[in-house]
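Down below is the structure, laid out as structure tokens.
For the numbers below, each heavy atom of this structure counts, side chains included, while hydrogens, waters and symmetry mates do not.
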Amino acid sequence: MLQKLARVFKEKAQQDLERIVKGTSKTREKLGVIEELFTYWNLEDADETLEELEDALIMSDFGPKTAFKIVDGIRDKVMSGRVKTGDQMRAELKLSIATLLRERGGSSELSLGDAQPAVLLIVGVNGGGKTTTIGKLANKFSSGGAKVVLAAGDTFRAAAAEQLEEWARRSGAEIVRADSDKTRPDTLLFQAVDSAVKSGADLVLCDTSGRLHTNWSLMDELAKCKRSISKRLPDAPHEVLLVLDGTTGLNMLNQAKEFNETVQLSGLILTKLDGTARGGAVVSVVDELGVPIKFIGVGEGIDDLQPFDADTFVDALFPEAAQQ
Ligand SMILES: Nc1nc2c(ncn2[C@@H]2O[C@H](COP(=O)(O)OP(=O)(O)O)[C@@H](O)[C@H]2O)c(=O)[nH]1
Ligand SMILES: [Mg+2]
């Protein structure tokens, strides 16, 4: 049932493009330079234009490696005569970014299989939107008829469990909270999965404390959390999702690499795309890690979570309106 629910969400992905378009403004301001390149493009100085395109992508947080790869592909098409005009170049750029997101990332569908319950571990730095995203996910699955348990694994701050409790109330999910402030997060997560197994729940969403990817002892604790979940349920967690703050820029690449080394990510969730997001950086994360974006956050409300769709995302980066 869960897998079916995950698929239904996916089909709604084309909606609400407008809000992402508004949100990716920061990246697009910088990508404005690229629009100019397309407008004044002529085949005679193709080399120079392609170099400027590469610079503009790097300026828009795409990261040097990824920018080089994208432009190299376009250069091939220019040389072989398949790209001749500015419009064709824009189309090619969009296509190559979307293709990269799909091919390097793989499927953006949650892979929950037949697990009972399916367990999702949500990780990331402080303030990225982990708890909020868990609330939104809980609501999606609950309203689809799934029995959802929230695990308050952020035992670090007292207010964290309260915040999750509020989301549990709003989404109709159950919550497992620490009964003492000495409870360790790995113990709490073990208890939550145990309780979900016993009560026949469909889905467990595990919240964790925000931590800097440079803090070794906290990263080690996160690895323990993951092992502790597996100890109770051998194939769990079925997904390890890193929440990335869409306004972060290229620093998110370092975060993602460290988290990936510690807990082997299966997907990314990009939040705050309704703000002044810098969508370019995440393309680099997908490219270098080979991990897909699975959801995007487009606001603070309970319905403001969308399944990721590569074409919609690229359309948001290069909207029609800016193409005149
Ligand atoms: N605008 C916007 N704000 C968000 C989004 N996701 C989370 N937030 C806000 O970001 C702040 C931190 O979120 P929280 O879930 O507590 O982050 P956590 O520390 O990772 O658990 C809160 O004020 C959220 O309302 C989003 O997609 N868009
Ligand atoms: Mg939190």
Side-chain angles (χ1 to χ4, degrees), residues 17-38 49-75 89-105 108 124-125 128-129 213 242-257 259-260 265 267-298 306 308-323:
L17 172 64
E18 217 170 85
R19 297 173 68 186
I20 327 174
V21 168
K22 218 171 71 202
T24 46
S25 58
K26 203 152 190 167
T27 294
R28 260 182 302 108
E29 259 166 47
K30 296 178 187 165
L31 289 174
V33 181
I34 297 183
E35 281 304 318
E36 256 173 61
L37 289 179
F38 294 148
T49 310
L50 287 166
E51 247 166 63
E52 285 177 35
L53 175 61
E54 192 175 321
D55 289 345
L57 287 174
I58 292 171
M59 290 284 293
S60 319
D61 303 310
F62 271 75
K65 251 194 214 165
T66 305
F68 177 81
K69 189 187 211 173
I70 292 170
V71 171
D72 217 36
I74 298 177
R75 183 176 290 115
M89 188 153 129
R90 177 193 299 107
E92 193 54 45
L93 176 63
K94 286 173 73 169
L95 180 69
S96 50
I97 295 171
T99 306
L100 184 151
L101 287 171
R102 263 192 294 270
E103 288 183 353
R104 283 294 298 146
S108 56
V125 301
H213 53 292
L242 173 67
V243 172
L244 291 170
D245 180 332
T247 63
T248 315
L250 204 55
N251 184 38
M252 69 167 70
L253 182 57
N254 297 325
Q255 284 175 25
K257 281 179 178 166
F259 275 98
N260 193 37
L265 305 171
L268 309 169
I269 297 175
L270 189 63
T271 60
K272 308 189 191 179
L273 281 187
D274 53 308
T276 48
R278 303 165 74 174
V282 78
V283 179
S284 211
V285 177
V286 173
D287 185 28
E288 297 212 16
L289 266 64
V291 169
I293 307 166
K294 302 218 166 180
F295 290 96
I296 56 171
V298 292
Q306 297 174 17
F308 177 76
D309 178 76
D311 293 316
T312 309
F313 184 72
V314 174
D315 280 341
L317 289 181
F318 303 92
E320 293 297 326
Q323 293 183 10

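For the side chain to side chain donor-acceptor pair (under 3.5 Å) test, residues two or more places apart in sequence or in another chain that qualify with Glu92 are Lys77. Residues that satisfy the side chain to side chain donor-acceptor pair (under 3.5 Å) test with Thr49, not counting sequence neighbours, are Asp45. Residues meeting the side-chain contact (heavy atoms from CB on, under 4.5 Å) test with Glu52, sequence neighbours left out: Leu37, Glu48. When the side chain to side chain donor-acceptor pair (under 3.5 Å) test is applied to Asn260, no partner is found at least two apart in sequence or on another chain. Applying the side chain to side chain donor-acceptor pair (under 3.5 Å) rule to Arg75 yields the partners Asp72; only residues at least two apart in sequence or on another chain are considered.
Considering all non-hydrogen atoms of both residues, Val71 and Leu57 come closest at CG2-CD1, 3.9 Å. Heavy atoms only, all atoms of each residue included: Leu242 and Ala256 are closest at CD2-CA, 3.5 Å.
Looking only at side-chain heavy atoms (C-beta outward), Leu53 and Met89 come within less than 4.5 Å of each other. Looking at Glu54 and Phe68, their side chains come closer than 4.5 Å, going by heavy atoms from C-beta outward.
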**OP:** Evaluate the criterion side-chain contact (heavy atoms from CB on, under 4.5 Å) for residue pair Phe308 and Leu101; output intermediate values, then yes/no.
**Re:** CA-CA 10 Å; Phe308 177 76; Leu101 287 171; 3.9 Å; yes
**OP:** Please report the C-alpha distance between Leu270 and Phe295 in whole Å, then the side-chain angles of each, then the deciding distance to 0.1 Å, and finally whether the side-chain contact (heavy atoms from CB on, under 4.5 Å) criterion is met.
**Re:** CA-CA 6 Å; Leu270 189 63; Phe295 290 96; over 6 Å; no
**OP:** Please lay out, stage by stage, how Asp61 and Met252 fare under the test side-chain contact (heavy atoms from CB on, under 4.5 Å).
**Re:** CA-CA 10 Å; Asp61 303 310; Met252 69 167 70; over 6 Å; no
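Between atom NZ of residue Lys65 and atom CG of residue Leu253 there is a gap of 8.0 Å, rounded to the nearest 0.5 Å. Distance OG/Ser108 to CD1/Ile296: 10.5 Å, rounded to 0.5 Å. Taken from CD in Gln255 to CG in Asn251, the straight-line distance is 5.5 Å, to the nearest 0.5 Å. Taken to the nearest 0.5 Å, the CG atom of Leu244 stands 5.5 Å off from the CG atom of Leu268. Interatomic distance, Leu273 CG to Thr271 OG1, rounded to the nearest 0.5 Å: 7.5 Å.
Salt-bridge check for Asp311 with Lys94: failed, with every basic side-chain N at 4.0 Å or more from each acidic carboxylate O.
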Acceptor/donor pairs from residues 280-289 side chains to any protein atom, 3.5 angstrom cut, sequence neighbours excluded:
residue	atom	partner	partner atom	Å
Ser284	OG	Phe62	O	2.9
Ser284	OG	Thr66	OG1	3.2
Asp287	OD1	Lys69	NZ	2.5
Asp287	OD2	Thr66	OG1	2.9
Glu288	OE1	Lys257	NZ	3.3

